[in-house]
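The basis for the numbers below is simple: all heavy atoms, side chains too, and nothing from hydrogens, waters or symmetry mates. Along the sequence shown, residues are numbered consecutively beginning with 1.
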Amino acid sequence: MRNKYAVIFVFIVALVIIEKENNIIARVSDKLTTRQNPHTPLKPTVSSMDPLKPTVSSVDPMKPTGSSSSSSPSSSSSSCPPREPSTTVQPPGRREVTLTEAPRRRRDVGKHILLLAATRTGSSFVGEFFNQQAGTMFYLFEPLWHVERRLVSAPGGTNSSVSSRTYREVLQQLFLCDFSLLERFIEPPPARHVTAALFRRESSASLCEEPVCTPAVKDVFERYHCKERPCGPLNFTLASLACRRKAHRAIKTVRVRQLEALRPLVEDPRLDVRVIQLVRDPRAVLASRMVAFSYKYKNWKVNGEVPIDDEEVKRLKGNCESVRLSAEVGLRRPAWLQRRYMLVRYEDIARYPMQKATEMYRFSGIPFTPQAREWIRRNTQASSEAGGVYSTQKNSSKQVEKWRFTIPFNLAQMVQKVCGPAMKLFGYRFVYNEDMLTNKSYSLLDEKTFRFV
Ligand SMILES: *[C@@H]1O[C@H](CO)[C@@H](O)[C@H](O)[C@H]1NC(C)=O
Ligand SMILES: *[C@@H]1O[C@H](CO)[C@@H](O)[C@H](O)[C@H]1NC(C)=O
Ligand SMILES: *[C@@H]1O[C@H](CO)[C@@H](O)[C@H](O)[C@H]1NC(C)=O
Ligand SMILES: *[C@@H]1O[C@H](CO)[C@@H](O)[C@H](O)[C@H]1NC(C)=O
């Protein structure tokens, strides 16, 4: 009899303890939700839509903040995370209980994807992954172009702390569908919020479709006019309305140099920001620049030798260092970036486009539409029937290695010298002679896993 009561007593005590625990958890989670982002736990499991198995786990199993073991693997889990902590089975010591709460707060603001890259890293291509679903996505291609131009021509030249703050503020407003600050940087100034001069308007599907595409106006020259059909000059009032109607926003930029400077943007409770940093082998970047801006590199080719104080060499070094420093901030996973930072190598996207896109979408917490998948499929693979309709499409995994045959070995060596630390961080292998550079059986990529959440 006694034993029976003892058992019941212990049972009640256990219940009380569990209840208390839940209260504590609930309180902690309330605190966390105000600041930290919690996000839908990303699943390391394979999406049912994608037959390819990701090699990169999106979750660090060593971290207590890892994935939920209970949420559905489908993309819908991002918008509707499991709400009741008590109904989910949690491994002891894990924190997802608190993390699953947060999406509630930011759910209805949609997602704000910032694609952060350096020039010639394939960011236009990767930006299309998001642009290709204009139904739910408002995508802007490099709006900071206008800002940089004005800052550079400002009296006294650029001041990096001022420009990074300005970039951040413009991005912040754009994510909120407010174009007023950006308008102040556009030349010539928009008249009644209408401009014919928005940089690369045609690269934003949302700016070239109804209702933002107004009837074309005669005799107005628009340099970046919509390609699919003629549209009138861009009315920012309409653009803003269209932006608000879309579920998500994405911006591609190559102008943000320090991830750290984005912290207030990421912490803005009105936003739900995801930063995707895109990197590429700096030797490939240089090879690509040498084609695109050949005039800058004339002297190099002639002499075969590169002056180490050359402006372009300094630029390259500066770029590599800022990319590396930003990535180090992200990979260190500070609390403000928890689940909001992802590092992607362009080479991996080129080799496994569908898999990488799936990972990026899953990370972003937005559904990967058939429309976007189809675009990626068409633009990354040669058709199996040679000479077929897709024969002009690039086989991206082939393209991505082409630079190995265009860059002279001494330049590859120079890049390794000035970008060594960045290359090591991202897993780009050095070459020590011409043969290593041009022999494709020698891979220049370490199979690297970036544990980004
Ligand atoms: C940039 O501007 C800020 C504020 O105007 C000033 O405090 C800072 O010293 C400037 N930095 C440089 C490098 O000129
Ligand atoms: C821009 O669009 C808004 C909303 O439709 C409209 O009220 C405004 O008149 C337009 N601006 C110009 C200059 O046409
Ligand atoms: C693309 O090129 C790579 C490397 O040559 C090859 O392995 C792959 O099968 C090609 N893919 C397609 C779809 O042609
Ligand atoms: C390329 O490297 C592979 C393996 O290292 C070697 O077997 C092959 O002979 C090399 N090819 C050339 C053209 O040097």
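Judged purely by atom type and a 3.5 angstrom limit, Gln277 uses its side chain to pair as donor or acceptor with the backbone of Val323. With hydrogens and angles ignored, the 3.5 Å screen pairs a side-chain donor or acceptor of Thr406 with a backbone N or O of Trp403. Between the side chain of Ser364 and the backbone N or O of Ile366, no donor-acceptor pair lies under 3.5 Å. Side chain of Gln338 to backbone of Arg333: a donor-acceptor contact under 3.5 angstrom is found. Under the 3.5 Å distance criterion, the side-chain polar atoms of Arg429 are left unmatched by any main-chain donor or acceptor of Met423. Counting only distance, with no hydrogens or angles, the side chain of Arg257 and the backbone of Ser322 share no donor-acceptor pair below 3.5 Å.
With sequence neighbours excluded, no residue forms a ring-ring contact (aromatic ring centres under 6.0 Å, His included) with Tyr428. Remark: Arg283 pairs with Asp281, Gln416 by the side chain to side chain donor-acceptor pair (under 3.5 Å) rule, at least two apart or across chains. With sequence neighbours excluded, the residues that form a side chain to side chain contact (heavy atoms under 4.5 Å, CB included) with Thr214 are Leu238. Arg351 is linked by a salt bridge (charged side-chain N to carboxylate O under 4.0 Å, His left out) to Asp348, Glu447, counting only residues two or more places apart in sequence or in another chain. Glu228 pairs by the salt bridge (charged side-chain N to carboxylate O under 4.0 Å, His left out) definition with nothing, not counting sequence neighbours. In this view, Tyr346 satisfies the ring-ring contact (aromatic ring centres under 6.0 Å, His included) rule with no residue, not counting sequence neighbours. In terms of the ring-ring contact (aromatic ring centres under 6.0 Å, His included) criterion, residue partners of Trp375 (sequence neighbours excluded) are, by chain and number, Phe125. With sequence neighbours excluded, no residue forms a ring-ring contact (aromatic ring centres under 6.0 Å, His included) with Phe426.
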Report task. Applying side chain to side chain contact (heavy atoms under 4.5 Å, CB included), run through Tyr361 and Lys356 and close with a yes or a no. Result -> CA-CA 9 Å; Tyr361 272 95; Lys356 281 287 150 187; over 6 Å; no
message = Could you go through Glu128 and Asn379, starting from their C-alpha distance and side-chain angles, then the distance that decides it, and tell me whether this counts as side chain to side chain donor-acceptor pair (under 3.5 Å)?
response = CA-CA 10 Å; Glu128 284 300 312; Asn379 286 276; over 6 Å; no
**Message:** Test side chain to side chain contact (heavy atoms under 4.5 Å, CB included) on Ile251 and Leu144; report intermediate values, then the result.
**Reply:** CA-CA 10 Å; Ile251 298 177; Leu144 298 181; over 6 Å; no
Full working for side chain to side chain contact (heavy atoms under 4.5 Å, CB included) between Arg274 and His112: CA-CA 6 Å; Arg274 303 300 148 92; His112 302 84; over 6 Å; no
Can you check side chain to side chain donor-acceptor pair (under 3.5 Å) on Arg168 and Ser164, steps first, answer last?
CA-CA 6 Å; Arg168 187 186 68 229; Ser164 58; over 6 Å; no
Go through it in stages, so that I can follow the logic: the residues are Cys320 and Cys419, the test is disulfide bond (SG atoms under 2.5 Å apart), and I'd like the CA-CA distance, side-chain angles, deciding distance and then a yes or no. CA-CA 6 Å; Cys320 280; Cys419 295; 2.1 Å; yes
Passes side chain to side chain donor-acceptor pair (under 3.5 Å), Gln413 versus Asn410? Steps please. CA-CA 5 Å; Gln413 242 179 341; Asn410 68 317; over 6 Å; no
Between Asn131 and Phe138, does the side chain to side chain contact (heavy atoms under 4.5 Å, CB included) criterion hold? Intermediate values first, please. CA-CA 7 Å; Asn131 191 36; Phe138 188 85; over 6 Å; no
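Side-chain contact check for Ser240 and Arg244: at least one donor-acceptor pair (N or O, by modelled atom type) lies under 3.5 Å.
Looking at every heavy atom in both residues, Met414 comes nearest to Leu286 through CE-CD2, 4.0 Å. In terms of heavy atoms, Lys424 sits closest to Lys448 at O-NZ, 3.8 Å. The two residues Glu142 and Thr253 have their closest heavy-atom pair at OE2-OG1, 2.8 Å. Of all heavy-atom pairs between Arg340 and Trp336, the closest is CD-O, 3.9 Å. The minimum heavy-atom distance linking Thr121 with Leu278 is given by the pair O-CD2, 3.5 Å. Taking both residues in full, the closest heavy atoms of Cys231 and Glu222 are given as O-OE1, 4.0 Å, listed atom of the first, atom of the second, then distance.
Expressed to the nearest 0.5 Å, how far CG of Leu325 lies from CG of Leu425 amounts to 10.0 Å. One finds the CG atom of Leu114 at 10.5 Å from the CG atom of Leu174 (value rounded to the nearest 0.5 Å).
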What donor-acceptor contacts under 3.5 angstrom involve side-chain atoms of residues 192-199, with partners at least two apart or in another chain?
residue, atom, partner, partner atom, Å
His193, ND1, Glu183, OE1, 3.0
His193, ND1, Glu183, OE2, 2.9
Thr195, OG1, Ala197, N, 2.9

Show me the donor-acceptor pairs, under 3.5 Å and distance only, between side chains in residues 205-212 and residues at least two apart or in other chains.
residue, atom, partner, partner atom, Å
Ser206, OG, Met137, O, 3.0
Glu209, OE2, Lys246, NZ, 2.7

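Salt-bridge formation is not detected for the pair Arg270/Asp272: no Lys NZ or Arg NE/NH1/NH2 atom is positioned less than 4.0 Å from an Asp or Glu carboxylate oxygen. With salt bridges taken as basic N to acidic carboxylate O contacts below 4.0 Å, none links Glu321 and Lys317. Salt bridge Glu311/Arg315: absent, no basic N to carboxylate O contact under 4.0 Å. The pair Glu359-Arg362 fails the salt-bridge criterion, with no side-chain N (NZ, NE, NH1 or NH2) lying under 4.0 Å from an Asp/Glu carboxylate O.
At least one side-chain heavy atom of Pro334 sits less than 4.5 Å from a side-chain heavy atom of Leu337. Contact check for Val275 versus Met342: no side-chain heavy atoms found under the 4.5 Å cut-off.
Applying the ring-ring contact (aromatic ring centres under 6.0 Å, His included) test to every pair with at least one member in residues 227-259, sequence neighbours left out, gives these pairs: Phe179-Phe236. Listed by first then second residue, pairs satisfying side chain to side chain donor-acceptor pair (under 3.5 Å) with a partner in residues 146-157 read Glu148-Arg255, not counting sequence neighbours.
Ring planes of Tyr139 and Phe141: perpendicular class, angle over 60° (limits at 30 and 60°).
Cysteines Cys243 and Cys177 have SG atoms closer than 2.5 angstrom.
The 12-atom threshold is not exceeded at NZ of Lys402, counting heavy atoms of other residues, nucleotides or ligands nearer than 6.0 Å. Around CZ of Arg223, the count of heavy atoms belonging to other residues, nucleotides or ligands within 6.0 Å does not exceed 12.
Taking the centre of each ring, Phe129 and Phe368 stay at or above the 6.0 Å mark.
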